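Notes follow once the structure below has been shown.
Letters go in sequence order (proteins before strands), and every chain restarts at 1. This structure is a prediction, so every number in the text was calculated from the model and none was measured.
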There are 4 protein chains.
Amino acid sequence: MWGGRFAAGPAAIMEVITPSIDFDKRMAMQDIAGSRAHCRMLALQQIISQFDAEEILRGLDIVEREIKDGTFAFSRKLEDIHLNIENRLKELVGDAAGRLHTARSRNDQVVTDFRLWVREACARAEEGLQELQRALFAQAEKHYATLMPGYTHMQPAQPITFGHHLLAYVEMFYRDRGRFADCSKRLNESPLGAAALAGTPYPIDRDVTAKTLGFARAMRNSLDAVSARDFALEYLAACTIMSTNISRLAAEIVQWSTPAFGFIRLSDAFTTGSSIMPQKRNPDAAELIRGKTGRVLGDFVALASVVKGLVLAYGTDLQEDKERVFDAADTVEVSLAAMAGMIADASVNDTVMRTAAEAGFPTATDLADWVVVKLKKPFREAHHIAGAIVKRAEDARLTLDKLPLKEMQAVEPGITEDVYKVLSLEASVNARMSYGGTAPDRVREQLYFWREKLK
Amino acid sequence: MWGGRFAAGPAAIMEVITPSIDFDKRMAMQDIAGSRAHCRMLALQQIISQFDAEEILRGLDIVEREIKDGTFAFSRKLEDIHLNIENRLKELVGDAAGRLHTARSRNDQVVTDFRLWVREACARAEEGLQELQRALFAQAEKHYATLMPGYTHMQPAQPITFGHHLLAYVEMFYRDRGRFADCSKRLNESPLGAAALAGTPYPIDRDVTAKTLGFARAMRNSLDAVSARDFALEYLAACTIMSTNISRLAAEIVQWSTPAFGFIRLSDAFTTGSSIMPQKRNPDAAELIRGKTGRVLGDFVALASVVKGLVLAYGTDLQEDKERVFDAADTVEVSLAAMAGMIADASVNDTVMRTAAEAGFPTATDLADWVVVKLKKPFREAHHIAGAIVKRAEDARLTLDKLPLKEMQAVEPGITEDVYKVLSLEASVNARMSYGGTAPDRVREQLYFWREKLK
Amino acid sequence: MWGGRFAAGPAAIMEVITPSIDFDKRMAMQDIAGSRAHCRMLALQQIISQFDAEEILRGLDIVEREIKDGTFAFSRKLEDIHLNIENRLKELVGDAAGRLHTARSRNDQVVTDFRLWVREACARAEEGLQELQRALFAQAEKHYATLMPGYTHMQPAQPITFGHHLLAYVEMFYRDRGRFADCSKRLNESPLGAAALAGTPYPIDRDVTAKTLGFARAMRNSLDAVSARDFALEYLAACTIMSTNISRLAAEIVQWSTPAFGFIRLSDAFTTGSSIMPQKRNPDAAELIRGKTGRVLGDFVALASVVKGLVLAYGTDLQEDKERVFDAADTVEVSLAAMAGMIADASVNDTVMRTAAEAGFPTATDLADWVVVKLKKPFREAHHIAGAIVKRAEDARLTLDKLPLKEMQAVEPGITEDVYKVLSLEASVNARMSYGGTAPDRVREQLYFWREKLK
Amino acid sequence: MWGGRFAAGPAAIMEVITPSIDFDKRMAMQDIAGSRAHCRMLALQQIISQFDAEEILRGLDIVEREIKDGTFAFSRKLEDIHLNIENRLKELVGDAAGRLHTARSRNDQVVTDFRLWVREACARAEEGLQELQRALFAQAEKHYATLMPGYTHMQPAQPITFGHHLLAYVEMFYRDRGRFADCSKRLNESPLGAAALAGTPYPIDRDVTAKTLGFARAMRNSLDAVSARDFALEYLAACTIMSTNISRLAAEIVQWSTPAFGFIRLSDAFTTGSSIMPQKRNPDAAELIRGKTGRVLGDFVALASVVKGLVLAYGTDLQEDKERVFDAADTVEVSLAAMAGMIADASVNDTVMRTAAEAGFPTATDLADWVVVKLKKPFREAHHIAGAIVKRAEDARLTLDKLPLKEMQAVEPGITEDVYKVLSLEASVNARMSYGGTAPDRVREQLYFWREKLK
């Protein structure tokens, strides 16, 4: 395979550690696309004959069919997808196959395939995110006015609506989409024609292959073309950030499903049971999604450590790049699909949510605000007054809207009956009319926005 | 501080673990800018009086001056920069200070400050990268035709020029700049007015504060506004990817400075000695830059783990965000500056590089290409022929351009005198005329491009 | 500082990036201890005179006092703690100071100091863990029979006791102690005398310095002595694993404190309020502890990435080791102390826990077990029967011990009145008498064990 | 599978995301061993009949054979290895199979299997490390006196011997063995009998199963037994630390093989060629080993992030534990084997190493030491003198032992002819006779030690 210079064959352990065919066969279609583009350009530039080009293209068609049909015989001896395909091509079309590798090296070939693959993975991630946004949107639309406790530190803070809460995730996933889009755009340059590292003496036309493969342009520096893996790192970073976002939603689902909360009920389809405990309905998928965040982060760490300190142009250390990217892509895609299904299928218990929203004096801020506005106190003083009233309500085991006026007046004599207008959950939520606030009218405004956006 | 509800004070250990003032005082200027914008908007909306607003602004001016002068007395008792400033403001302007916190919570305040800080950090990173690109460009311009060995696997592959090699980094850092720019653009939305998490009943105008602070728009969802930290993760990811790129250059500098290579000599200004070994000239800065890549990666990992699985809207876990971002920013900025200085100052040993480029038969590919073009052999066969000739040259301890013709003909009788035209380093480099290739003319073409770009 | 070979001074940026004095001054006491041991040995071996030795020791006493008093003037120009002390020593005792550095290099000096520091950090971590175990033990003793829901997947699984739950953490922290002990033992070898990397021609006695400093032996290989940082990685790994354990307890505290659970109430001393919401009692310390797990993991990742691929014997990349270790040590120590205080101070709401334990049919497994034992069914069939009965109870909104017998018989006619003996929470818990089980008698058995162990 | 409570089946995506059979089938043998031990104990305790026990054991024998023969039909529908085996057992022995699950849950079953698996992985790692130590030892024995440059900062520091350098790694790998041994010892406790999380009412004997399976004891707390994954993290940490150590050796091999160094030549068996460059001999295996360090670190990060913040007793997040551990184990084992082979096979070029050792004035420290000892100067002054002499030698392009005496006397008149005794490489190396130093006699001393140890 490596020509006339090696006396002894590889050690047995090398045949375990070096081949990449077990995973890089996933780039088979990208490899064929790259070879077709390269072949046509070689013929166009008269570097190979038209006849050879046609033979090669004919052979590639057969190879493609064999791989799609599952009849292609992959071989670990042939190391990787590139040599597997090239070898089969030689069996099919003979000497012409050998000419396909003119003005190309595995170094630019592999990274061309890989960029094509990551570009598609970005598109799939964007699509998966959009599907999830749609599932969230549909629930948010139903629950734009459904009351729930808004938490900070898992302590009741202020009442909000469930629709508002879900739309927060729609926003996060929108930025995630932006990250994949930026990544896709930045990586969309063609390394093909960089050859081993220095370019090639053949009169190739790199713009032609770039255009054929949908790249925006040919990369400007051949060393950079074969050495850079920042595009793979950027993809993994986008996956990791997206995973932290989705893991937050997953954690909420686990929490909302526990009986102490009971806010939502997952469908049977997205619940599993126990081999020993007959009563169990476990939110397995949510837990798996949350857990897999660690995995994706691990993928990023792995590749970042690999690239760190690696001199140009290429070291086999970089062979680790593809497994990490494939693993993250698989993980992200299945997580998005499972989450979208889980959200779409979940049923919400409005009553339980509303009851929960009453605990913990969530309208204490409204009380303080009332004191500011009506009694003209500075906020800091109003905050102190409201705190003292909460203490009384707590001792009396009453919610704020049930606490007798004179209890409040004992703390601050200026308080009047009017205060009760702001102490109910509905009043609190409806009042939060600032742009982006939780008032149902504001939530509806955002729903209009997203309905257009998610069409 | 927290009003009338707490009977006992905090435990001593809490005063160690909870305050953030030691690090978040770095956001003092952002905090003041945010408060000014908020104050003016409150007055504009007639939520506070014009008089109060003026008092507050006057107070903020004094606070700003005190902090800049170093006369401000920071207190750990007052937890964070926000309460430190607010408290001082109260001392300065009395009750009016208490009105500044109307329609604002620490939750939206802190994240407003933080977004402003990260936005500036992105700008500094972009600038630092550009300075480094300029230093690389200047050396590349001088050495656009200086021969050096091009390596893959740290084995000689093909001769290249040093200018070409340096421009590969200019390309990488250009993409790094793009990542910081994208991050800066995506985070440039105003969370101010989200209040604690749900918005506020006060008739605030979030567009006004957003515009005043240079944000592109107000965020659309108040929960998202206070919960999201993906902007900080994206910044850390951009820092990490940039660090892996710069670490590669650092590793090359360490390697190029070792006597076995001797390609460059760092200036005294960027070298350190040894306390025991009088002859030492150590490339400390390059090693530090390479090492600090791990640190920045660690910062990303830390924050990603923190955000993972965190339910909305806010948990104090997130207090970890700022130290990680500050640490990464400091690290990245000092690394960029040191690298730019080191590159600008380094002297290149052309002769040593050229000599090194002769080792390892780097024109073997040219030989194979000659066989393809002139003898019309498929590349794979030519590769085999060249391999066998390399073996002969190796045994004879000769470079390829010194190997007698008959030695080559013993392998492939068709080879003629003409082959020597492609076997010299200069011939090899000059031949690589494909776009983005290492031929000096091609490198010059890229230098033109970058001269414009880096103006 | 580096002798006669450098013409130009360092660049300004180098004075920012290279000095380590800002953090390595924390090793001052270790450095003095190492210098004393080295000095005495040099005199004993007659490498320096008795007079010089006494002068050096006298000077070191003064330096120690100055550092402890805070009167020592640290200088960034003098790079690190070692040169700062040496320089001051020279001011104090003149030429003798210069002789202290005989047969020693900064390479072995720094790593000697560092090993001593990490050894002490291990001891502090062990002690902190023991204090936390004691706090958990005290609560477990009070609540060895307090019923609570045992969860898997945050769904009720089987009733357990709170004491049993807390002892699970006592077990985890015991293993954590073991990891710090193992680390401390493995690192306890003396690198002193390895000099720069190759040993020294002076007739030193490394066993003497090793013994004086409490090391078990002198390291066997001088290169290994100055190059290895696996001890620091092992310490960071122990910190990370410990942090994941403590983060689980922190997450439980956050959950147990939310009103929907309400299992425990943190004391005022370990709770914080809100600047805007007067009713808040936030479990800040628990959240911080959980968050800081990410930070410690980041420290490990940082150093592991730094060490990866670093050739022997020493590169300045390794200067990153100390900041990561110091940061992890500080984090771990404050987290342990805060957690111990929080646990000791927390009050438990037995009634709420008991009520919560009734939800979710937690005795369904007992029902299945009864069917196995009394009706001689295979477990898989009994599991199916119990599942069907749970469905009926769920529809009837009854707990299992309140479900009428005939409802059960409708599923499985063989069920008799006797079944109710196993369906109460108390019966379920008391029945789990297998070794290590949750039956209060079993928990008491473990309390005896730990009372001895934690004395 | 989960009994009578689920109306609808799982969603299609759930059948993608939840099954673990694709990877956990690697625990088949451990699962069978655990089941055998559990079955025998159940019979011994008369929980199941002797007849049933024999049927189960007979069935398990068949299952074992089928799996070993590759005739076992694994099914994704049956989720994991435990249910796959149980289901097949039922086909083989009918109802008795259902009784095997008495007093056991998948929670304790899976973690029992996993502990057994990790225990074996520790043993394999220890063995792999020992093999590698032996390969290093064999080369070190041959080269105990072979001169090479000792580097710090990749700059020549002092001459050392190659044997000494290799023994540094023998030391590192010895500590790595210790870490795996400690991990193996600490995890060697039996969780079996903890059941779902709370123990079981059946009169089981956990000591019997613990002993049968080779565990040191039964775990003391059932919640801890099913929840803890610190053993997996400790294994991954040991793998990571070991990987950073081996990656350093890998980096040295890559460096030593580059022509500029040329210290060693890897055998054909451990070298690969290039598809385009016929002259290439690439140290692929070393690069792969170095790269895979990132992967193992990623595995640790992934699991640490998963465990972080996970409440007791069990969440499906933990299903991520096995893939990470299996991946790290495979990686570590193949890396150790490849490294051992590569080292054993490598040939060393003594002459090149010796020549390289002359560059960079590596005996400058010896010169300084001579000044200290013979001219009674403090070391700091001697260091300065030596530095100035190095500068003269550098300008004259001479090594120190070739520099005329009067050149030295120009710097320090006291220097005599006697100085040349210490300026040769041999003199320098032979002089470093301190314990653990690089003097060949000292290296031989360590070889004696290791010969015994590695028997």
remark   = The ring-ring contact (aromatic ring centres under 6.0 Å, His included) partners of A:Phe231 (sequence neighbours excluded) come to A:Phe114
request  = Please flag which part of B:Met219 lies under 4.5 Å from any non-hydrogen atom of chain A: side chain, backbone, both or neither.
outcome  = both
request  = Would you check if A:Phe379 and B:Leu100 make a side-chain contact, meaning some heavy-atom pair closer than 4.5 Å?
outcome  = no
message = So for B:Ile204, is it side chain, backbone, both, or neither that comes closer than 4.5 Å to the heavy atoms of chain A?
response = side chain
query = Is there a donor-acceptor pair under 3.5 Å between the side chain of A:Ser247 and the backbone N or O of B:Lys308?
reply = no
CG-CE distance between B:Leu310 and A:Met154, expressed to the nearest 0.5 angstrom = 10.5 Å
key: SB check B:Arg175 A:Asp224 (cutoff 4.0 Å)   = yes
message = Is A:Gln446 in contact with chain B via its backbone, its side chain, both, or neither, using a 4.5 Å heavy-atom distance?
response = side chain
query = So what's closer than 4.5 Å to chain A heavy atoms on B:Ser227: side chain, backbone, both or neither?
reply = both
query = Which atoms of B:Thr316 come close to chain A, meaning under 4.5 Å heavy atom to heavy atom: side chain ones, backbone ones, both, or neither?
reply = both
request  = Output yes when B:Arg179 and A:Asp182 qualify as a salt bridge under the 4.0 Å nitrogen-oxygen rule, no when they do not.
outcome  = no
key: Modelled atom types, side-chain donor and acceptor of A:Tyr202 and B:Asp369, under 3.5 Å   = yes
query = By a 4.5 Å heavy-atom criterion (distance strictly below it), what part of B:Glu445 contacts chain A: side chain, backbone, both, or neither?
reply = neither
request  = Select one option (side chain, backbone, both, neither) describing which atoms of B:Ala194 are under 4.5 Å from chain A's heavy atoms.
outcome  = neither
message = Could you check, using the six-membered ring where one of them is a Trp, whether B:Phe300 and A:Phe300 have ring centers closer than 6.0 angstrom?
response = yes
message = Any carboxylate oxygen within less than 4.0 angstrom of a Lys/Arg side-chain nitrogen, looking at A:Arg186 and B:Asp176?
response = no
note = So, the part of B:Arg290 with a heavy atom under 4.5 Å from chain A: the answer is both
